[in-house]
Amino acid sequence: MLIRIPRGWEISEGEVTPERVYLNRRKFLAGASAALAGMGSLVVPGGDGLARGRPDRKDRSSARLLPLSATRNAEYQVDHPITAEQVATRFNNYYEFTETKARVWKLAEEFDSRPWQIEIKGLVQKPRTIDVDDLIRQMSLEERVYRLRCVEAWTMFIPWIGFPMQKFVEWCAPLSNARYVRMVSFYRPAQAEGQRRASRYRWPYHEALTLAEATNELTLLVVGMYGKTLPNQSGAPLRLHVPWKYGFKSIKAITKFEFTDQQPATFWNATVPAEYDFLANVDPAKPHPRWSQAHEQLVETGEVVPTRLYNGYEKYVASLYK
Ligand SMILES: Nc1nc2c(c(=O)[nH]1)N[C@H]1C(S)=C(S)[C@@H](COP(=O)(O)O)O[C@H]1N2
Ligand SMILES: [Mo]
């Protein structure tokens with residue numbers, strides 16, 4: 001059975017068949033392994049798991065990935081082999097850089113993702129700014145394998161390393177009238193060519209969750225993947241992953257958390273309100289206006305499988321939407 005999956009989820013972009021995606025995949029995999037062979041090892045042993053703020057270029061860009069160890073949490077597994085690292089880190093949506101998935105990793109290579117300050121503001125006891133590595137040191141890290149289901153109907157299985165957003169929210173100490181958490185990414189046109197183009201996008205990328213969603217046990221703030229620090233193309237130094245929602249909710253490169261009592265605007269909803277809603281929960285019965293959401297394609301194998309309500313996480317989250 002063939003479904004047509006959209007290539008970008010841009011109105012201007014066409015759609016491609018799974019065969020075409022498969023061919024592209026083989027092409028980018030070949031390119032990726034050649035690049036890896038030329039670079040030597042990406043991992044520098046002997047790190048303490050956190051990128052320290054040294055001033056040389058490679059440290060600033062997070063291009064130098066450091067080993068990051070965290071115990072795998074057995075509660076959060078998938079019924080499918082993990083997606084190969086070279087696939088997950090060479091097929092990205094990150095419109096600050098480009099709308100072409102296979103080019104993101106290259107264009108993001110020089111991005112300065114360290115040092116990195118994170119601002120916490122709004123309805124909290126004490127607004128503050130903290131360096132990302134100081135924050136990470138205060139959280140205990142774990143590994144969780146989650147499904148990542150893009151609204152474009154493709155899926156990967158990724159071993160993230162991070163900490164529950166619930167712990168982070170507790171640490172922020174929101175006031176009792178806080179109802180939402182708004183998250184904002186960076187605005188740096190000099191380093192991100194997608195932000196230099198005249199476009200209809202309202203940079204910086206911004207997203208939000210209800211406080212109940214942010215403190216659900218599944219919601220993870222991510223600082224690493226595949227046993228290493230997060231590469232730039234995957235959202236270094238800090239991103240979100242909410243596995244029961246379409247991937248666009250999982251904002252990358254977060255610079256700001258703001259607690260509010262009103263529902264914040266979100267990037268894709270503001271751009272195309274008829275197509276992307278605030279909740280964006282994975283739901284096979286609710287088609288996108290331009291394509292079905294009943295099935296999805298596994299990026300690595302090309303296999304097409306049925307989509308599950310809440311991306312298979314119904315038992316954790318269904319009660320949020322009663
Ligand atoms: N800042 C930012 N975050 C973002 C995006 C983006 O363009 N910019 N794309 C989103 C989309 S559509 C998806 S599917 C996931 C993709 O994450 P991945 O590239 O690690 O697979 O990131 C999300 N987070
Ligand atoms: Mo996506």
Side-chain angles (χ1 to χ4, degrees), residues 5-10 13 25 28 62 82-108 111 113 116 146-162 182-189 191-195 197 199-209 220-226 228-256 266-272 275-276 280-282 288 291 293 296-300 307 311:
I5 73 167
R7 190 227 287 276
W9 41 323
E10 265 307 284
E13 293 217 2
R25 184 179 71 84
F28 83 68
S62 291
I82 286 171
T83 301
E85 182 181 355
Q86 304 95 296
V87 174
T89 59
R90 295 290 184 274
F91 182 89
N92 300 101
N93 268 339
Y94 208 163
Y95 280 21
E96 285 86 336
F97 295 98
T98 173
E99 296 176 20
T100 308
K101 293 175 181 41
R103 290 179 65 224
V104 172
W105 70 273
K106 190 68 192 161
L107 292 173
F111 180 69
S113 52
W116 189 272
Y146 277 153
R147 307 171 72 98
L148 169 64
R149 203 310 191 162
C150 177
V151 75
E152 298 164 338
W154 53 258
T155 291
M156 299 195 276
F157 306 90
I158 304 194
W160 300 113
I161 295 172
R182 174 173 181 260
M183 290 156 277
V184 182
S185 192
F186 64 90
Y187 183 64
R188 261 190 232 167
Q191 291 199 341
E193 71 170 55
Q195 291 185 329
R197 298 223 168 89
S199 76
R200 64 209 169 95
Y201 300 124
R202 295 161 202 209
W203 305 114
Y205 200 97
H206 48 288
E207 256 305 336
L209 297 172
L220 198 66
L221 284 168
V222 171
V223 299
M225 64 198 295
Y226 297 93
K228 285 167 269 182
T229 49
L230 208 52
N232 281 340
Q233 65 269 31
S234 306
L238 177 75
R239 71 170 294 171
L240 180 71
H241 189 67
V242 267
W244 73 95
K245 292 177 179 288
Y246 292 121
F248 68 83
K249 296 294 291 184
S250 292
I251 181 174
K252 297 176 173 182
I254 303 170
T255 63
K256 196 185 294 182
T266 52
F267 182 85
W268 279 107
N269 179 254
T271 307
V272 201
E275 302 195 353
Y276 309 106
N281 291 324
V282 175
H288 184 280
W291 58 84
Q293 293 291 20
E296 62 204 45
Q297 185 171 37
L298 309 187
V299 170
E300 187 167 14
T307 289
N311 205 20

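The figures that follow rest on heavy atoms only: side chains count, while hydrogens, waters and symmetry mates do not. Remember, it's 1-based here, ligands and their atoms both numbered in the order they're listed.
The main-chain N or O of F248 is found under 3.5 Å from a side-chain atom of Y205 such that the two form a donor-acceptor pair. With T83 contributing its side chain and I158 its backbone, the two residues share no donor-acceptor pair below 3.5 Å. Using a distance-only test at 3.5 Å, with no hydrogens or angles considered, no donor-acceptor pair links the side chain of H241 to the main chain of R239.
Heavy-atom contacts of C150 reach the following atoms of ligand 1: 14 (S) (cutoff under 4.0 Å). The distance from ligand 1 to the heavy atoms of S185 drops below 4.0 Å at these ligand atoms: 1 (N). In the vicinity of N92, heavy-atom distances shorter than 4.0 Å reach the ligand 1 atoms 18 (P), 19 (O), 20 (O). Under a 4.0 Å criterion applied to the non-hydrogen atoms of M156, ligand 1 contributes the atoms 21 (O). Distances below 4.0 Å separate heavy atoms of I251 from the following atoms of ligand 1: 3 (N), 24 (N). Near F248, with a cut-off below 4.0 Å to any heavy atom, the atoms of ligand 1 are 10 (C), 11 (C), 12 (S). Numbered from 1 in the order shown, with element, the atoms of ligand 1 that lie under 4.0 Å from a heavy atom of L148 read 21 (O). Within ligand 1, counting atoms from 1 as listed, the ones closer than 4.0 Å to a heavy atom of Y95 are 6 (C), 7 (O).
Residue nearest to atom 5 (C) of ligand 1, selected from N93, V87, V151: N93 (by heavy-atom distance). By heavy-atom distance, the residue among F186, W160, Y205, Y276 lying nearest atom 6 (C) of ligand 1 is Y205.
Taking NZ of K252 as the reference point, atom OH of Y95 lies at 11.0 Å (rounded to 0.5 Å).
Under a 4.0 Å N-O distance rule, the pair R147/E296 qualifies as a salt bridge. Ion pairing between E85 and K228 holds under the 4.0 Å rule for side-chain N and carboxylate O.
When heavy-atom distances to ligand 1 are checked against a 4.0 Å cut-off, Y94 comes that close through both its backbone and its side chain. The residue V104 has no part lying near ligand 1, judged by heavy-atom distances below 4.0 Å. Looking at E152 against ligand 1, nothing comes within 4.0 Å, counting heavy atoms.
Here's the thing with S250: one of its N/O atoms is less than 3.5 angstrom from an N/O atom of ligand 1. Taking any N or O of W154, backbone or side chain, none lies under 3.5 Å from an N or O belonging to ligand 1.
Residues satisfying the side chain to side chain donor-acceptor pair (under 3.5 Å) test with Q293, not counting sequence neighbours, are R149. With sequence neighbours left out, T266 forms a side chain to side chain contact (heavy atoms under 4.5 Å, CB included) with E207, A208, K249, N269, F278.
Using a 4.5 Å heavy-atom cutoff, the side chains of L240 and L221 are in contact.
Side-chain contact check for N281 and K245: at least one donor-acceptor pair (N or O, by modelled atom type) lies under 3.5 Å.
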